[in-house]
Structure formats: structure tokens, C-alpha cells
Amino acid sequence: MPTALITGATAGIGAAFVEALARDHHLVVVARDGARLTAQAPAGSEVIAADLATPEGCGLVEARLSQGVDLLVNNAGRGLGVGFHDSTAEDEDALLDLNVRAVLRLSHAALAPMLAQRAGAILNVSSVAGFSPGVRGATYSASKAWVTNFSESLDLQYRHRGVRCVAVCPGFTHTEFHERANIEMNLPERLWLTSEQVVAEALKDLERGRSISVAGAQYKAIVAATRVLPPSLRRLASGMARNTLSR
Ligand SMILES: NC(=O)c1ccc[n+]([C@@H]2O[C@H](COP(=O)([O-])OP(=O)(O)OC[C@H]3O[C@@H](n4cnc5c(N)ncnc54)[C@H](OP(=O)(O)O)[C@@H]3O)[C@@H](O)[C@H]2O)c1
């Protein structure tokens, strides 16, 4: 049975990956809250309680990845509920540690054994926020732009050696994310996705050979438009979105 390692496995999109992959994978699940992780992990899973925003936490997971897995899902990530000027440089830095540095380190650790096997896949959970300037914080959307570009680069460079990489780019998804970041959300229901939708589309897109996965017709349209708009119009659209969200 193939092995999949999933970070941020206890809630939201990570928990939906656990549910979808448990049917036909041996799982290694990662999050900070060890008690919750142990309580929720499917029988027979390996459990690693680790804070991926720290070098020590990353080190624990890197050690497991260096033994080889078939699928790595870099899903753990966070936002900040305040604007750049209202947050501390330390908080912005900690966001980068989790959203960027952990993705880099874990992908690096997983890649060597995958290349040796000439098989494997990495799914990096990014965001549609990475396609345009941030409408709230600045570091979050910049971190996700990095994740998307990084994932496309890995896919381009290693696909012909048997290793795939997909940037999974959700739009607004019902999870614990916004509550954890103290972000109040009053969006129309049509803008919301479920974690199950995001995961089903990501696994389908991996099979279809795509390097970017966007779930939901509404977000496919937004991303397609964003990618062809000239920068000036993209800024204008982001400004309009910011005004709508802060109403
Ligand atoms: N929800 C959305 O609208 C949305 C939209 C676009 C992209 N995304 C992206 O989707 C991914 C998953 O988010 P989600 O919405 O599913 O969030 P969520 O419901 O808040 O779940 C976050 C998961 O990550 C774990 N986690 C948080 N900080 C961690 C750390 N420092 N080290 C290890 N694990 C950590 C949490 O468990 P512990 O607290 O126990 O560590 C939890 O299992 C993120 O990368 C996010 O940026 C979400």
C-alpha cells in the first residue's frame, strides 16, 4: 500500500485529505495538537506531533520523509487576521516559517527518495490569494504566490523523472482557518467551498497531469481572468474585492 504524509491533518482541508486517502494509503499524519491527532488518526496511521513553524518540528517530519513516502501533502498553513501595519514583524515571520519554509524543507526531504524511485507526488496547498495582490494581509498572499510558483517549478523540473507536483489553490473554504486567524467572514454562500470539494478536485487534477488545481466554477473563472488581466486591471479588481470584503 502506498504511503501518504499529510500536514495539518486534524482540521479542514487536511482532515478531508486524511478521509479521502485513508481508503488506499498508509498514512503519516502531522499537526501540533498530539492528543487531537491521535484521537482522529485512522487505525494504523503513524502520528507525528510537530510544530512546522519551528526547525525542530520540521526536523522530525524531514526524518520520516527521508525514509520515503509516495505522496506528500503540504497542507498546514495559517493567515493573520490583521493588516500588515497592525501585526508584528515576528508574526509575519512566523507565518512565512509555516507557509513557506516548512513547504520548502519538507518538499526537499521528500524529493530525494522519490527521485530514486522515479515515482511520487507532492501536493502543496496554496490559495487563489496567490494569484493577485493581497486584499487584507500582504504576507499571506505573497507566501501563497511563492507556493504556487515553487510547485509549478518542481513539476516542470521533475515530471520527466517520475515525480509530480501540484499547487492546490482553494478559494474561501469552510474550515477552522478564519476563526483561528480571527478573520470575520460575511460572504455569500456561493463563494464558499467545502474541504471535500477542494480535495476531490486536487486528487483528480493530480491524475489528469495538471500542475495547478482550482476547485469550483466560480474560482476557476476568477483565476482564469486573473491570469490574463494586465497588472493594472488586476490591481483594480483586487481593490474592488478589498472594498467588498471590508464592508
Ligand atoms: N480555508 C480557506 O478558506 C483556505 C483558502 C485558501 C487556502 N487555504 C489553505 O489551506 C490550508 C489548510 O487550511 P485549512 O483552512 O484547512 O485550516 P484549518 O482548518 O485551520 O486547519 C489547519 C491545520 O493545520 C494544523 N497546523 C496549524 N499550524 C500548524 C503548525 N505550526 N505546525 C503543524 N501543523 C499546524 C492544524 O492543527 P494544529 O493546530 O493541531 O497544529 C490543523 O490541522 C492552509 O495552507 C491554508 O492557507 C485555506
Side-chain angles (χ1 to χ4, degrees), residues 5-20 27-41 47-62 72-81 91 93-103 105-106 123-132 134-137 139-148 150-151 166-185 187 189 191-199 201-202 212-216 218-219 222-223 245:
L5 186 147
I6 302 162
T7 70
T10 49
I13 296 168
F17 269 112
V18 168
E19 201 185 328
L27 296 185
V28 187
V29 290
V30 182
R32 287 169 302 180
D33 183 340
R36 186 177 181 189
L37 203 50
T38 306
Q40 287 182 208
V47 167
I48 304 177
D51 182 349
L52 293 172
T54 66
E56 300 75 27
C58 278
L60 288 174
V61 183
E62 287 173 276
L72 164 63
V73 183
N74 276 315
N75 162 74
R78 63 178 291 208
L80 294 171
D91 278 347
D93 213 21
L95 183 148
L96 281 186
D97 282 336
L98 180 63
N99 291 16
V100 171
R101 218 175 311 282
V103 174
R105 295 202 66 100
L106 270 45
L123 301 182
N124 290 328
V125 181
S126 184
S127 171
V128 295
F131 291 107
S132 44
V135 295
R136 281 202 176 99
T139 310
Y140 180 77
S141 49
S143 75
K144 294 304 186 178
W146 183 91
V147 173
T148 300
F150 174 71
S151 307
V166 181
V168 179
C169 302
F172 293 113
T173 308
H174 286 299
T175 68
E176 298 175 10
F177 180 90
H178 300 99
E179 196 185 322
R180 283 173 194 259
N182 278 321
I183 302 173
E184 216 175 291
M185 300 298 289
L187 290 176
E189 198 48 43
L191 282 182
W192 287 99
L193 301 168
T194 65
S195 297
E196 289 72 23
Q197 254 178 298
V198 172
V199 168
E201 191 75 9
I212 291 194
S213 175
V214 178
Q218 67 279 53
Y219 288 108
I222 290 170
V223 168
L245 287 174

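What you see below is based on every heavy atom in this structure, not just the backbone, and it leaves out hydrogens, waters and symmetry mates. Ligands are counted one by one from 1 in listed order, and the atoms in each one are counted from 1 as well. Start at 1 with the first residue, then count along the sequence.
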Please list every donor-acceptor pair under 3.5 Å in which a side-chain atom of residues 10-18 meets a protein atom from a residue at least two apart or in another chain.
none

Checklist outcome for this item: V128 and C169 have their tightest heavy-atom pair at CG1-O, 3.5 Å
Checklist outcome for this item: The single option from L72, V73, L27 that satisfies side-chain contact (heavy atoms from CB on, under 4.5 Å) with L5 is L72
Please tabulate, for the side chains in residues 48-60, all donor-acceptor contacts under 3.5 angstrom to protein atoms that are two or more places apart in sequence or on a different chain.
unit_1: D51; atom_1: OD1; unit_2: A53; atom_2: N; d: 2.9
unit_1: T54; atom_1: OG1; unit_2: D51; atom_2: O; d: 2.7
unit_1: T54; atom_1: OG1; unit_2: G57; atom_2: N; d: 3.0

Next on the checklist: My understanding is that only residues two or more places apart in sequence, or in another chain, count here; which of them pass ring pair (Phe, Tyr, Trp, His ring centres under 6.0 Å) with F131?
Outcome noted: none
Next on the checklist: Below 30° counts as parallel, above 60° as perpendicular, anything between as tilted: where do the rings of F172 and Y219 land?
Outcome noted: perpendicular
Checklist outcome for this item: Lining ligand 1 at under 4.0 Å, by non-hydrogen atom distance, are residues G8, A9, T10, A11, G12, I13, A31, R32, D33, A50, D51, L52, A53, N75, A76, G77, L98, V125, S126, S127, Y140, K144, P170, G171, F172, T173, T175, E176, F177, H178, R180
